[in-house]
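Worksheet for the structure shown next.
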Number of protein chains: 2
Amino acid sequence: MLDYKLLEALAAIVDQGGFERGAQQLNLTQSAVSQRIKLLEARLGQPVVVRTPRLLPTPLGQRLLNHAQQVRLLEHDLLDRIPALGEGTQRLRLAINADSLATWWAPTIGDFCHRRGVLLDLVVDDQEVALRRMRDGEVAGCICATARPVQGARARALGRMRYRVAASPGFAERYFVEGVSTQALARAPAILYGPDDRLQQRYLDSQGFKEPFPHHLCPSSEGVLHMVLAGIGYALIPECQAQAAFERGELVDLDPSRPLDVPLYWHFWRHGGELLDALTVHLFSASDDWLLPMETSASAGA
Amino acid sequence: MLDYKLLEALAAIVDQGGFERGAQQLNLTQSAVSQRIKLLEARLGQPVVVRTPRLLPTPLGQRLLNHAQQVRLLEHDLLDRIPALGEGTQRLRLAINADSLATWWAPTIGDFCHRRGVLLDLVVDDQEVALRRMRDGEVAGCICATARPVQGARARALGRMRYRVAASPGFAERYFVEGVSTQALARAPAILYGPDDRLQQRYLDSQGFKEPFPHHLCPSSEGVLHMVLAGIGYALIPECQAQAAFERGELVDLDPSRPLDVPLYWHFWRHGGELLDALTVHLFSASDDWLLPMETSASAGA
């Protein structure tokens with residue numbers, strides 16, 4: 001078997017961002033940790049970390065870390081049955097789409113983290129990057145709009161996130177006083193999450209609108225909401241994120257009869273161990289309050 | 001002089017994420033736009049964009065785009081005086097720190113965008129990346145905690161953002177019932193923005209705490225807030241972001257006598273034209289409502 005002491009040293013220095021703090025985490029001297037990394041690199045004949053500009057794993061180091069994480073998840077199952085073996089705290093690295101993180105994720109997961117002593121390493125990515133991370137084994141699970149699992153993983157439909165076309169009352173008055181029209185869409189600045197914002201494109205397609213339109217770019221879910229509240233543009237906002245502002249009259253729905261729904265899927269390692277399976281069960285029992293049920297045709301993909 | 005028709009074609013396809021939509025933006029056929037890009041690449045002897053997995057500028061293409069943006073800013077000054085020359089809409093690419101985007105940025109800038117017909121391309125980065133983007137000319141301005149301007153730019157102190165050590169009442173009850181102590185900090189999960197979260201480190205240093213501590217990672221300003229609200233951990237949260245939750249009793253301040261202040265600086269191109277200068281004036285008149293004045297010693301760096 002591999003020498004897990006060496007992998008543990010690697011995980012600690014990467015986790016803590018340095019040799020000194022990594023050594024503290026392991027209750028070792030810095031020189032002992034350096035020795036282990038040197039030994040690991042000597043055995044492999046390649047570096048496992050780069051030191052500058054800041055400490056980061058090399059691609060090889062990352063593969064070792066992924067393996068170590070998988071082993072830890074399996075160990076966690078064992079520790080559940082033999083608690084005396086370990087302290088029972090477990091890190092779980094997951095990729096989450098920005099709108100989920102800004103809305104239903106934290107309230108849904110809070111209780112689970114506390115109950116199971118889980119520490120989360122979240123990464124926020126667009127879905128292509130998130131699926132690549134799944135494929136590379138870099139994350140143990142991800143939430144995205146793609147139904148098809150990567151190899152070695154499963155995907156389950158969580159539900160639909162509903163989006164509303166939202167604007168401040170002043171902005172609506174200025175640009176959309178006669179409702180949503182081709183003229184209005186050609187003039188009113190939209191706020192997009194990124195240059196290839198598919199949701200905005202889907203909305204414009206649904207309107208038969210194919211012309212260029214002015215737009216701001218803001219790669220932050222809450223940043224978009226704040227910009228809409230400030231009257232800078234209109235945007236597609238998750239209904240559950242905008243609801244309170246709709247009720248307070250701070251936002252208006254420009255197109256109430258035409259919400260857009262995005263299906264969300266939970267992808268997770270097939271052999272990720274009991275903790276990941278328990279998280280899966282928990283997500284499905286708790287996300288109902290926030291997401292709409294899948295339509296029959298859409299859920300078939302899962 | 002350079003053939004700006006070619007640069008304009010490059011900017012349009014990158015801006016719109018494809019040749020077809022780029023051509024629409026310019027009211028040209030797709031084949032005319034392809035011709036221009038081919039001509040540009042033939043003259044340079046190098047590609048300016050990569051097509052897969054999605055259309056992105058090469059480093060050379062990016063340098064051309066930066067130059068085109070600078071020229072446009074200068075043109076904008078001209079157009080202000082000779083409005084018949086153009087339509088007067090102007091894109092401004094800026095790097096903003098996540099906490100500013102989640103709090104004071106949008107309310108402060110909204111009116112300016114509308115009045116001046118400005119469209120924003122925002123990027124969210126940690127400050128090292130933001131300053132690199134300034135240095136590379138990729139953004140016209142940035143907001144970060146570093147006082148020292150990069151070459152060709154100026155930096156001005158905007159004010160201090162105040163952070164509070166926040167937790168949900170339930171979390172505070174569970175871990176901090178006897179206040180902030182070494183024991184409590186060693187047990188209570190913190191929520192960090194990233195592995196080298198300097199603010200958390202500064203807070204722990206101020207407590208004389210040097211041991212490892214459990215932590216979640218969440219690279220989203222509002223994600224951190226939501227996780228704190230959900231009782232998953234404690235975190236340093238901008239006071240202006242947490243204020244409403246403090247007042248509603250959804251969050252408590254774990255260490256009211258010890259807020260942490262982070263100075264914020266506005267970096268902008270020295271010869272960025274009248275629009276950028278006007279934005280600078282606007283930012284200084286409007287950010288007062290959200291940021292505390294600089295302390296005398298800290299403002300000297302600007």
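Since the model is a prediction, treat every value here as computed from it, not as a measurement. Residue numbers start from 1 in every chain, and the chains themselves are labelled A, B, ... in the order their sequence lines are given, proteins ahead of strands.
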| request: Over all heavy atoms of both residues, which pair between Gly223(A) and Leu101(B) is shortest? Give the atoms and the distance, please. | output: CA-CG, 3.9 Å
| Quick one: of Cys113(A), Ala102(A), Pro107(A), Gly17(A), who has the most non-hydrogen atom pairs under 4.5 Å with chain B? | Ala102(A)
| field | Close side-chain approach of Arg21(A) to Glu211(B), heavy-atom, < 4.5 Å | value | no
| Arg174(A), part contacting chain B, at a heavy-atom distance under 4.5 Å | side chain
| query | Is atom CD of Glu173(A) surrounded by more than 12 heavy atoms (other residues, nucleotides or ligands) closer than 6.0 Å? | reply | no
| Minimum heavy-atom separation for Gln24(A) to Lys210(B), with atom names? | OE1-O, 3.0 Å
| task | Sort out for me which of Thr108(B), Leu122(B), Asp15(B), Leu26(B) touches chain A most, counting heavy-atom pairs under 4.5 Å. | result | Leu122(B)
| query | Which bit of Arg54(B) comes within less than 4.5 Å of chain A, counting heavy atoms only: side chain, backbone, both or neither? | reply | side chain
| Got a sec, which residues hit ring pair (Phe, Tyr, Trp, His ring centres under 6.0 Å) with His216(A), two or more places apart in sequence or on another chain? | none
| field | Part of Gln201(B) lying under 4.5 Å from any heavy atom of chain A | value | side chain
| remark: Among residues 227-239 of chain B, residues within the sub-4.5 Å heavy-atom range of chain A, in order of number, are Met227(B), Ala230(B), Ile232(B)
| Taking only residues two or more places apart in sequence or in another chain, which ones pass ring pair (Phe, Tyr, Trp, His ring centres under 6.0 Å) with His226(B)? | none
| Among Pro219(A), Gly110(A), Ser100(A), who wins on heavy-atom pairs under 4.5 Å with chain B? | Pro219(A)
| request: Drop me the distance from Phe213(A)'s CZ to Leu119(B)'s CG, to the nearest 0.5 angstrom. | output: 10.5 Å
| query | Is the backbone N or O of His215(A) less than 3.5 Å from a side-chain atom of Arg91(B), with the two atoms forming a donor-acceptor pair by type? | reply | yes
| query | Just wondering, more than 12 heavy atoms not from His282(A) lying within 6.0 Å of its NE2? | reply | yes
| query | Got a sec, which residues hit side-chain contact (heavy atoms from CB on, under 4.5 Å) with Arg51(A), two or more places apart in sequence or on another chain? | reply | Phe19(A), Ile37(A), Glu41(A), Val49(A)
| query | Just wondering, are more than 12 heavy atoms of other shown residues or ligands nearer than 6.0 Å to CD in Glu250(A)? | reply | yes
| message | A side-chain contact here means heavy atoms from C-beta on lying under 4.5 Å apart; do Leu120(A) and Cys218(B) qualify? | response | no
| Hey, which of Thr103(B), Leu225(B), Leu217(B) has the most heavy atom pairs under 4.5 Å with chain A? | Leu217(B)
| Glu20(A) atom CD: more than 12 heavy-atom contacts under 6.0 Å | no
